[in-house]
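Below, read A as the first sequence line, B as the second, and so on, with proteins coming before strands; counting in each chain starts at 1. The figures that follow rest on heavy atoms only: side chains count, while hydrogens, waters and symmetry mates do not.
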Amino acid sequence: MIDLKALRDDPARFKDGARKKNYDVDIDRILELDTLKRDLMTRAEALRAQQNKLAKESGPKIGQLMGKLKKAEPDERAAIEAEVESLKAAPNKLKNEIQVLNASIDDIAPELDELLMQVPLPPDPDVPVGASADDNVELKRWAPDDWDWNQSFEQNKGFAPKTHIELCKDLGLVDFPRAVKLAGARSYALTGDGMRLHQAILRYALDFMADKHGFAPMSVPVLVREEAMTGTGFFPAGREQAYHVEETTRGGGHDLYLTGTGEVGLMGLHQNEILDEDQLPLKYVTVSTCFRREAGAAGKDTAGLYRIHQFDKVEQVVICRADEQESRDWHKKMLGYVQELLQSLALPHRLLQCCTADLGVKNADMIDVECWMPGRGDTSPSLSSASSVPSEGGASSPPTSNASPTGAFGETHSASRLYDFQCRRLNMRARKGGEGAKGETTFCHSLNNTVAASPRLMIPILEMHQNPDGSVTVPEVLRGYMGGSESIG
RNA sequence: GGAGAGGUGGCAGAGCGGUUGAAUGCGCCGGAUUCGAAAUCCGGUAUGGCGGUUUCCGUCAUCGGGGGUUCGAAUCCCCCCCUCUCCGCCA
């Protein structure tokens with residue numbers, strides 16, 4: 001939610017922001033409704049003030065008269081009743097006028113609220129303006145010393161890579177067919193070392209943030225109320241992405257939603273709270289199962305572990321003081337942690353500055369991290385087919401052509417800077433001394449970033465660390481979480 | 001799942017149709033007293049919206065949330081949410 005006052009003061013800024021983000025919101029209509037609503041409110045309140053004043057004067061009199069009426073002789077009753085009616089007349093008239101005004105307010109309020117929810121947070125001025133994700137800008141790349149970006153996987157490593165799908169099949173890490181039988185498309189079952197690797201990644205990432213960077217480890221609900229989805233900014237725009245759990249037997253108001261990220265649970269924790277400014281920033285890390293309907297992604301990345309309905313994610317969230325510089329500093333730090341983590345896993349990756357069109361409603365700035373995935377991208381004739389090792393099963397590639405994929409970047413992380421957009425919706429404020437203290441409250445700033453999403457992160461780990469013999473070397477930092485195993489297969 | 005009790009200011013806790021935004025106590029802040037402290041006494045002590053002559057003033061709303069009855073609602077009615085107790089079930 002944006003600040004309505006800010007919108008009144010500088011509508012051009014919000015119009016410009018919406019345009020850059022490709023959002024179509026009628027801001028002039030908002031201003032029109034807002035003016036109208038305030039005018040109606042002012043008038044209704046003035047009448048209400050009169051009514052309150054009258055009630056204080058005539059109220060006790062009516063009370064006395066009503067008492068009198070009970071004990072009154074029949075011949076006195078008519079006079080008393082008439083007096084009561086005359087006392088009621090003025091406030092009654094006011095009441096009717098107020099009701100008319102309130103009805104008008106009720107008429108326009110829903111439209112205003114709905115429109116207001118749709119106004120995106122303007123992107124920061126330093127975010128590149130773009131029309132689509134194609135206009136995102138690469139900021140930097142990192143790769144281990146033995147990786148040359150100008151060469152293919154095969155040239156770098158001396159053998160043609162298998163895709164993670166082939167590796168999973170050959171090494172018995174994932175059972176796709178049975179999972180699909182049980183749960184439908186985009187499902188998977190992790191088996192054996194696949195499950196171990198998955199858990200190792202999650203636990204390593206959690207410990208990395210908690211022990212090394214002082215984030216408080218949390219476990220939070222993944223089944224939440226609509227309020228939490230709206231508050232965190234995932235509703236109404238992303239409603240079709242979320243699984244809706246109907247509680248038919250309990251009746252209305254009980255329905256719940258499965259969260260698509262731990263961010264919802266972490267941010268929702270402090271909904272409607274006044275935090276102690278001195279206790280900020282709050283730094284949380286959680287590991288949670290994430291549920292996504294992937295509506296609108298039909299036909300995209302249908303095979304493998306890339307785009308799935310259910311996965312686990314270690315997520316970091318920071319709630320800090322409402323200070324732009326502090327927000328910007330945290331954004332950098334949170335990205336830094338991820339780079340450090342990916343370096344420790346020896347995964348080549350790049351930082352991608354998302355352009356305005358790719359930001360979504362709630363972000364002022366968003367930087368994605370993409371890992372190199374040798375098994376993605378177009379398949380092209382193998383550059384040196386002679387040296388390629390045939391897969392043991394032989395089912396991974398057509399026997400007649402030695403095609404191997406070119407490799408491509410695949411998104412593994414996304415770091416968002418939201419300023420007070422989310423905290424405004426969540427009604428999360430801060431002041432010195434917290435809840436009981438005095439003084440001004442301000443909406444906090446919030447930021448979030450992936451630490452590790454698995455199984456997706458298993459893709460670059462498996463593909464980058466595969467060996468000519470079909471085995472996969474386990475990155476050193478994960479070995480302690482896999483009973484010391486140095487390799488899979 | 002069944003039965004019952006209850007949600008009031010930072011906390012405890014009254015009020016259960018009429019100058020009640022809310023008694024009283026605790027806490028907190030300021031002052032007096034004191035060499036200082038304790039004790040005591042005095043005063044203050046919610047949030048949000050709107051407007052203004054914008055360190056302040058006016059006004060409206062808020063007693064779990066929403067709706068209703070009424071000239072008037074913390075108080076009566078309806079729906080919802082939450083908490084507690086007992087029973088049942090259960091990892």
Provide, to the nearest angstrom, the distance between the CG atom belonging to A:D3 and the C1' atom belonging to B:G49. 13 Å
The ring-ring contact (aromatic ring centres under 6.0 Å, His included) partners of A:F234 (sequence neighbours excluded) come to none
Separation of atom CD in A:E227 from atom C1' in B:C80, rounded to whole Å: 12 Å
B:G72 - base-pair partner by Watson-Crick or wobble geometry, distances under 3.5 Å: none
Whole-Å P distance, B:U53 and B:A61: 24 Å
Under 3.5 Å on both distances, the Watson-Crick or G-U partner of B:U19: none
State the pairing partner of B:C89; accept Watson-Crick or G-U wobble contacts with both distances under 3.5 Å, and report none otherwise. none
Residues 123-130 of chain A side chain polar contacts: donor-acceptor under 3.5 Å, at least two apart:
{"unit_1": "A:D124", "atom_1": "OD1", "unit_2": "A:Y419", "atom_2": "OH", "d": "3.4"}
{"unit_1": "A:D124", "atom_1": "OD2", "unit_2": "A:R328", "atom_2": "NH2", "d": "3.3"}
{"unit_1": "A:D124", "atom_1": "OD2", "unit_2": "A:R417", "atom_2": "NH2", "d": "2.5"}
{"unit_1": "A:D124", "atom_1": "OD2", "unit_2": "A:Y419", "atom_2": "OH", "d": "2.5"}
{"unit_1": "A:D126", "atom_1": "OD1", "unit_2": "A:R328", "atom_2": "NH2", "d": "3.3"}
{"unit_1": "A:D126", "atom_1": "OD2", "unit_2": "A:R328", "atom_2": "NH1", "d": "2.9"}

More than 12 non-hydrogen atoms from neighbouring residues, nucleotides or ligands closer than 6.0 Å to CZ on A:R38, yes or no? yes
A:T441 side-chain N/O to B:A46 phosphate OP1/OP2 under 4.0 Å: no
Whole angstroms only, please: what is the CG-C1' distance between A:L54 and B:G18? 14 Å
May I ask you to evaluate whether A:Q51 reaches the phosphate of B:G72, defined as a side-chain N or O under 4.0 Å from OP1 or OP2? yes
Considering only atom P, compute the distance from B:C29 to B:C82 and round it to an integer number of Å. 37 Å
When every nucleotide of nucleotides 55-67 of chain B is labelled 5' to 3' by its protein contacts under 4.0 Å (heavy atoms), B for base, S for sugar-phosphate only, - for none, what sequence of letters results? ----SSS------
Is B:U45 paired to anything, Watson-Crick or G-U wobble with both distances less than 3.5 Å, and if yes, which nucleotide? B:G27
Please determine, for B:C56, whether a Watson-Crick or G-U wobble partner exists with both distances under 3.5 Å, and give it or none. B:G52
In whole Å, what separates the P atom of B:C80 from that of B:C56? 45 Å
How many whole angstroms separate atom CG of A:N427 from atom P of B:U47? 13 Å
Same-atom distance (P) from B:C41 to B:G18, integer angstrom: 32 Å
OP1 or OP2 of B:G51 versus the side-chain N and O atoms of A:R38: is any pair under 4.0 Å? yes
Quick one: side chains of residues 105-122 of chain A, donor-acceptor pairs under 3.5 Å with protein atoms, not counting sequence neighbours, listed by atom name and distance.
{"unit_1": "A:E111", "atom_1": "OE1", "unit_2": "A:R29", "atom_2": "NH2", "d": "3.0"}
{"unit_1": "A:E111", "atom_1": "OE2", "unit_2": "A:R29", "atom_2": "NE", "d": "2.8"}
{"unit_1": "A:E111", "atom_1": "OE2", "unit_2": "A:R29", "atom_2": "NH2", "d": "3.4"}

How long is the line joining NZ of A:K5 and C1' of B:U54, in whole Å? 12 Å
A:K37 NZ to B:G49 C1', in whole Å, measures 9 Å
Holding to salt bridge (Lys or Arg N to Asp or Glu O under 4.0 Å), I want the full list of residues that pass it with A:D26, two or more places apart in sequence or in another chain. none
Measuring only the C1' atom in each nucleotide, how far is B:G4 from B:G9? A whole number of Å is fine. 29 Å
Using atom C1' of each nucleotide, how far apart are B:G65 and B:G7 to the nearest Å? 12 Å
Does B:C84 have a Watson-Crick or wobble mate here (both distances under 3.5 Å), and if so which one? B:G4
Please work out if A:R8 contacts a base, only the sugar-phosphate, or nothing of the nucleic acid, heavy-atom cut-off 4.0 Å. sugar-phosphate
Members of residues 88-114 of chain A that approach RNA chain B, where some heavy atom sits under 4.0 Å away: A:K88, A:P91, A:N92, A:K95
Separation of the P atoms in B:C42 and B:G64, to the nearest angstrom: 32 Å
With salt bridge (charged side-chain N to carboxylate O under 4.0 Å, His left out) as the test, would you mind laying out the steps for A:D16 and A:R19 before giving the verdict? CA-CA 5 Å; A:D16 183 54; A:R19 208 190 59 245; 3.0 Å; yes
Side-chain (A:H413) to main-chain (A:V451) donor-acceptor, under 3.5 angstrom: yes
Is it true that A:R425 and A:Q422 share a donor-acceptor pair across their side chains at a distance under 3.5 Å? no
Between B:G67 and B:A74, how far is it from one P atom to the other, in whole Å? 14 Å
Could you tell me the separation between the CZ atom of A:R429 and the C1' atom of B:U47, rounded to a whole number of Å? 7 Å
Return the pairing partner of B:U40 with a 3.5 Å limit on both distances, Watson-Crick or G-U wobble; otherwise return none. B:A32
Are there over 12 heavy-atom neighbours, none belonging to A:R8, within less than 6.0 Å of that residue's CZ? yes
Nearest whole Å is fine: how far is B:U70 C1' from A:E85 CD? 13 Å
Can you label the angle between the A:F235 ring and the A:Y257 ring as parallel, tilted or perpendicular, going by 30° and 60°? perpendicular
Students often mix this up, so state it plainly: with edges at 30° and 60°, are the rings of A:H270 and A:Y284 parallel, tilted or perpendicular? parallel
